[in-house]
Amino acid sequence: MADITLLADALVRSTPLILAGLAVALAFRGGVFNLGAEGQLMMGAAASAAISIKLAPLMGPSVIVVSLGGGAVAGALWAGIAAELKRRFHVLEIISTIMLNFIAIHLVSFLVRGPMQEPTRIYPQTESLADSARLPIIIPGTRLHAGLILAVLLAVCLHWIFKHTAAGFRVRALGAGPNAARSAGQIDIAVLSWRVFVMSGAIAGLAGAIEVSGVTFALYENISPGYGYTAIAVALIAGLNPLGVIASGVFFGVLETAALALQRDFGIPSSIASMVEALLILVTLALAGLRGYLAFLAPRERTA
Amino acid sequence: MDVHTRANWTLSPPAADASTEHAAEQPDLCLHEVSKKFGNVIALDKASLTLRKGSIHALLGENGAGKTTLMRIAFGLIRPDSGSIDVKGKRVDFASPAQAIASGIGMVHQQFSLVPEMTVAENVALGGRGRYDAKTTARRIEAISNRIGMQLDPFAKVKTLTSSQRQKLEIVRTFAHDASILILDEPTAVLTPRDIGDLFAQLRKFAAEGGSVILITHKLRDAIDNADDVTVLRRGKCVLASPMQLVDQGTLALAMLGSSTVTPPSAPRPATNLSRVVVKFDDVFFEDERRVARLENASLQVAAGEIVGVAALEGAASQMLGLMAGRLQPTSGTIKLPTAIGFVPEDRSEEAVIPAQTLIENTALANAGARSRMIDWHNVRTQTTHIIADFSVRASGPTAAMSELSGGNQQKFVLGRELKDHPALLVLENPTQGLDVHAANAIHEKIKAAANDGTAIVIYSSDLDELAALSDRVLVVSRGRIAAARPDKESIGSLLLETAD
C-alpha cells in the first residue's frame, strides 16, 4: 500500500502544478507574459480560506463551490492589477507580475499573523477548515482529493477551447501574430489580451483555492513551495499545450515527491531535485529560445 | 579612431596620398553588383554605385527601394549575399561598422543612434579609445561646430536636445571620427530650412576639400540643387546612374516610380456602371495621434466594378487607405462603407498573415474578430483548398505553415482569402511589391477579374506603371489633399510633383 500512498502524494503535489501550469500556458499562448501565477495562487488561497472559515457554519456543503469560486475571483483581481497597469500605462507585465508576487506573499504572511490568525494566537496560520469546506478524497486512505479531477477537466476544456472555438483561435492568433490579428483578423487585441491576463489569474487563483480546500485545510505562510514558478517550466515543457500540461505537471509532481522520499529514507538532500528542476527550466528556456531564434531570425531581419 | 588624444584635427578630409593623379581618378567608394535577400524578399538585386572623389552623390528611391540597405552594406552593418565593395581602390569586406569607420566611412542614420542620458561630449566620444577627457572632447566639438556652423553645447544631455539639435550632433560626431566618406540617410527630415541651407553649404565645402558624400533622400529638390551625381534604385535594382546635369526632375521621378519596361495592358475591361456607389467620403477629416492633419476635406466616391488607383509619395495615402478599409475612424465627416471589405496591407508578413500558423489557420484569421462560438475547421479547410487551387498558390497543402511559402505565393494566398467571400470593396496596398514579374502579373489578372465581377477596387501602388496599367482613374494624395488624374504615367507623375513641394 505504500506504493499507492506515494503515488497519491505525487498526484496531490501535481494538482497545483497542473492548474498553475494551465494558467501560464493560457497567458503565454495569448502573448501575455504572466509570471505572477505564484502571487495569484497565494491570493486565491487566502480568499478561499477566508470564505470557507466565515461561511462554512452558515452554508453547509455548498460552501466549497463559493470558496473555489472566490479563490478564482481573487486570482483574477490580482492579475487584473497587472493587466490594468499594462493597458493604461504600458507597464511590462514581466516586471509587474513578479513584483505583485512579493506583495502577495507578504500580504498572506501579514494575514496569518494578524486578522486571519487562529483563535489561540500561537501559530502563524488560520484555524482549520470545517469538513464541509474540504474537497472529497477520491482514493480512500490517501490524501488524493477531487482537485486533481478538476485540474484534468480544466485542461481538457482549455484544449477543446483552443482547438475548436473562435475565442480560442483568437487567443492563439493574438499570441502568434498580434499585428496580423489586429489588421487581418480585426480583433480588438487590447481587450483580448486583458481578458487572457485576467482568465489566467483566475486559474492560478483556483489552484490556490484547491490547495487550501484539498490539502492544507488552512492558510499559512509558504503554503506554496514556488508552485507558481515551477508552473512556468511545466507550461513551457508542455509546449503550452493544455493536455501536455497534465503530463509535465505529473512529471514535476513525481520528481518533487520522490526527492522528499529520498531525503527521508536515504538522506539524499532534496535540494538535488530543486537543482534538477532548475536545470530543466534552463534547458527548456534555452530550447524554446533557440527555436524562436531560428524561426524568427530570417523574416525579422528586415530594413527600410 | 582615437578621438581624444589627437588635438590638431581639421574638418578637411585626411590628406590624400600625395602620389599621383591616378589616385584622384580612383573612386572613393565603389559598390559593384551588390545583392541581398531577406528571407523571400529581394532587397537588392545587383545594385551598383560609384562615388567620385570630391563629389556629392544623391541616392534616390521610393520607400523600400533598397537605399538604406545598400548604404548599410557599405557601412558594414549588413553583409551582402554577393557583389564587391572597393574603398579608394582597395577591395574591402567589412565585418562590422568599426572596420568601415577605420576606412574613413561615416554614416548618419535616419533613426538617431544616440544615448539620451549622456552628454553631447560623451556621445561624441563613444566608440573612441583611450582615456575620455571631457575638456578635450568639448574643445573638439566646439571647433567642429564652429566650422560647420552647427552650434551645440558639449555638456548638454542629449535628452534635452530637440530633434534638429540631435541631427546636428549626429553629423558632428561623424566629422569627429575623421570620416572622408560621409553617408547621410535622410539628413534634412528634421532640420529647419536654415539649418538645411547651412548643412548643404558645409557638405559642399567638405567635398571641395576632397571628401565625398552620399546623400540618401526622397526630396528631389534637395538632390537636384546639391548633388553632382545621382543613382536611382527601384525595387532593389539600379535604374539610373548619371551626372546630375544630364537629368531633370521628370526623368528622376519616373525612374523612381515606374519602369519603362512593364507588361503592356491586356484586354480592355468592359465599361462599368458607375451608378452603384460602394464607397462615399463626405468632407472627411483625419488627424493622427499627434494631431497632425493627414486628410482634409476629402470627398470621393467609388462605384462597384471600378478600379481606382491611388498615387502618393512616401506613405501620404496610408491614412486614406486605412479609412477606406475600415481600419481607421475619421476625426470628422462621414464615410459610407460596405460591410464586406477585403484588405491587402503593405506589410504582408506582419499584418496580413501569421507566418508560424498553417494556411488553414490563416484562412480562419480573416474576420476572426467577428466569429462566434465554434470554428468549422472542415469548412475552413475546404475554403483553403479552393484558394490554393483558384489562385495557383504553390504550397505543399492546406496544412503547410505560411512561412514555407514564397513571398509571391503568400501574396496570392492573401488576395485569395480576401476575395473568397466576394467583398463589395477590396483595398490593396502595393500588392506586387517584392514579387517577380510572373507573380505580379498573376495578381494583376486576379484584381481585374474581381473588378469585372463587380468588386470595387482601390489600389495604392508606388509603381506608376502598375497604376497606369490597372486603373480606370487615379487619385493623387499629397499633403492631405486628393486630386484626380488620368490613368497614365505622365499625368500622374506631373501631378505628384506639382503637389509635393
Side-chain angles (χ1 to χ4, degrees), chain A residues 28-31 88-90 156-196 236 239-241 287-304, chain B residues 36-41 43-44 63-73 77-78 110-111 185-186 216 322 325-327 341-345 347-357 361-362 364-377 380 401-403 407 414 417-418:
Chain A
F28 282 22
R29 264 295 178 88
R88 285 182 196 230
F89 307 114
H90 303 286
V156 172
C157 200
L158 260 184
H159 175 75
W160 185 83
I161 288 173
F162 276 142
K163 201 165 179 193
H164 293 290
T165 70
F169 177 65
R170 277 196 284 274
V171 173
R172 288 197 285 129
L174 171 66
N179 285 325
R182 180 176 43 75
S183 178
Q186 302 241 47
I187 296 169
D188 189 336
I189 59 173
V191 169
L192 184 60
S193 117
W194 189 91
R195 285 186 189 157
V196 166
L236 288 175
L240 306 184
N241 179 331
L287 285 177
L290 192 65
R291 214 168 11 170
Y293 181 73
L294 292 176
F296 288 115
L297 187 65
R300 288 290 153 103
E301 188 195 330
R302 186 157 300 169
T303 58
Chain B
K36 178 74 191 174
K37 273 175 100 172
F38 294 114
N40 290 322
V41 180
L44 286 173
N63 259 353
K67 298 169 292 193
T68 301
T69 306
L70 185 63
M71 287 304 104
R72 286 182 167 198
I73 286 173
L77 281 167
I78 301 174
Q110 199 174 357
Q111 272 113 22
D185 192 352
E186 300 282 2
I216 304 179
R327 262 65 175 178
I341 303 174
F343 181 44
V344 180
D347 193 345
R348 188 188 316 126
S349 62
E350 191 61 33
E351 295 199 342
V353 297
I354 298 179
Q357 293 194 331
E361 286 169 315
N362 272 286
L365 183 61
N367 66 49
R371 282 173 194 272
S372 59
R373 297 206 189 91
M374 314 271 292
I375 292 181
D376 180 354
W377 285 111
V380 178
M402 183 54 82
S403 55
V414 171
R417 179 185 72 191
E418 298 300 317

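Here is how names work: the chains are called A, B, and so on, in the same order as the sequence lines, proteins then strands, and each is numbered from 1. Everything numeric here is computed off the predicted structure, so don't read it as measured data.
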Considering residues, nucleotides and ligands other than A:W194, do more than 12 of their heavy atoms fall under 6.0 Å from its CH2?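 No, the 6.0 Å shell around CH2 holds no more than 12 heavy atoms from other groups.
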Honestly, the part of B:R327 sitting under 4.5 Å from a heavy atom of chain A is side chain
If I measure from the heavy atoms of chain A, does B:A364 come under 4.5 Å with its side chain, its backbone, both, or neither? both
Against the six-membered ring of A:F162, is A:R29 placed for a cation-pi contact (under 6.0 Å from the centre, within 45° of the normal)? yes
Proximal component of A:R182, with respect to chain B [non-hydrogen, under 4.5 Å]: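 Just the side chain, heavy atoms under 4.5 Å.
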If you tally heavy-atom pairs under 4.5 Å against chain A, which of B:N362, B:V353, B:I375, B:V344 wins?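 It is B:I375.
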Mind checking the CZ-CG spacing from B:R72 to B:D185? Nearest 0.5 Å is all I need.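 Here the rounded value is 8.0 Å.
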Interatomic distance, CZ@B:R417 vs CG@B:N367, rounded to 0.5 Å, equals 9.5 Å
